[in-house]
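The block underneath contains the structure these notes are about, expressed in structure tokens.
The shown structure was predicted, so the numbers you read here are calculated from the model rather than taken from an experiment.
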Amino acid sequence: MNIFESIRAHLAATAGISSIVGTRVYHGERPQNSDLPAVAFDESGDAESFQDISGANAGIARIGISIECYTAGPSPTAAITLREAVRDALQTWPKSPMGGAGGVEVWYCDYTGQSGQYDAETLTIIREISFELMYTET
């Protein structure tokens, strides 16, 4: 399981998120005309692998993740609730396997910001939240 599969599995398995979006958790762009509410995530910024002092690969990597929470407008309340459920889910990751299966372990999860948008054409509220993760894949 890689980091993206693990993120998707973890978010989809979190009760506070799945009770709102069901299985609509997407890696990459949210499919056009897909049902709302939904969550989409992708990497943001640079990814990096770390080496120990001898130059050997330590197996630890860092990646920025941006998560967008989509709900129908015009009120942002549901999107904010969904974003907070995502925040709660991500803040429980450090030192735990993600996705309920082996292959990825998060060592560090740092909140890096949030923002919001409203698409007047589609009446869609978007609330974004970003994190930096340090993890290992085996």
Positive for side chain to side chain contact (heavy atoms under 4.5 Å, CB included) with I65, one of T112, L90, D42, L133:
L133
Any donor-acceptor N or O pair under 3.5 Å, side chains S115, E128:
yes
For Y111, give me all partners under side chain to side chain donor-acceptor pair (under 3.5 Å), at least two apart in sequence or on another chain.
Q114
Looking at residues at least two apart in the chain, or sitting in another chain, which of them share a side chain to side chain donor-acceptor pair (under 3.5 Å) with D110?
Y108
Validation: residues 28-41 side-chain donor-acceptor distances under 3.5 Å, sequence neighbours left out:
residue : atom : partner : partner atom : Å
R30     : NH1  : S34     : O            : 3.0
R30     : NH1  : S34     : OG           : 3.0
S34     : OG   : P31     : O            : 2.8

Would a 4.5 Å heavy-atom cut-off, applied to side chains only, mark Q91 and F131 as touching?
yes
Find out whether Y70 and L82 are in side-chain contact, i.e. whether some heavy atom of one side chain is under 4.5 Å from a heavy atom of the other.
no
So which atom in I126 and which in E68 form the shortest heavy-atom distance, rounded to 0.1 Å?
CG2-CB, 4.1 Å
Roughly how far, to the nearest 0.5 Å, is the CD1 atom of I125 from the SG atom of C69?
12.0 Å
Counterpart residues, ring pair (Phe, Tyr, Trp, His ring centres under 6.0 Å), relative to F4 (two or more places apart):
H27
Applying salt bridge (charged side-chain N to carboxylate O under 4.0 Å, His left out), which residue pairs with at least one partner in residues 77-90 are found, sequence neighbours left out?
E84-R87
Show which side-chain atoms of residues 15-23 pair as donor or acceptor with protein atoms under 3.5 Å away, not counting sequence neighbours.
residue : atom : partner : partner atom : Å
S18     : OG   : T14     : O            : 3.3
S19     : OG   : A15     : O            : 3.1

Can any side-chain N or O of R127 pair as donor or acceptor with the backbone N or O of P76 at less than 3.5 Å?
no
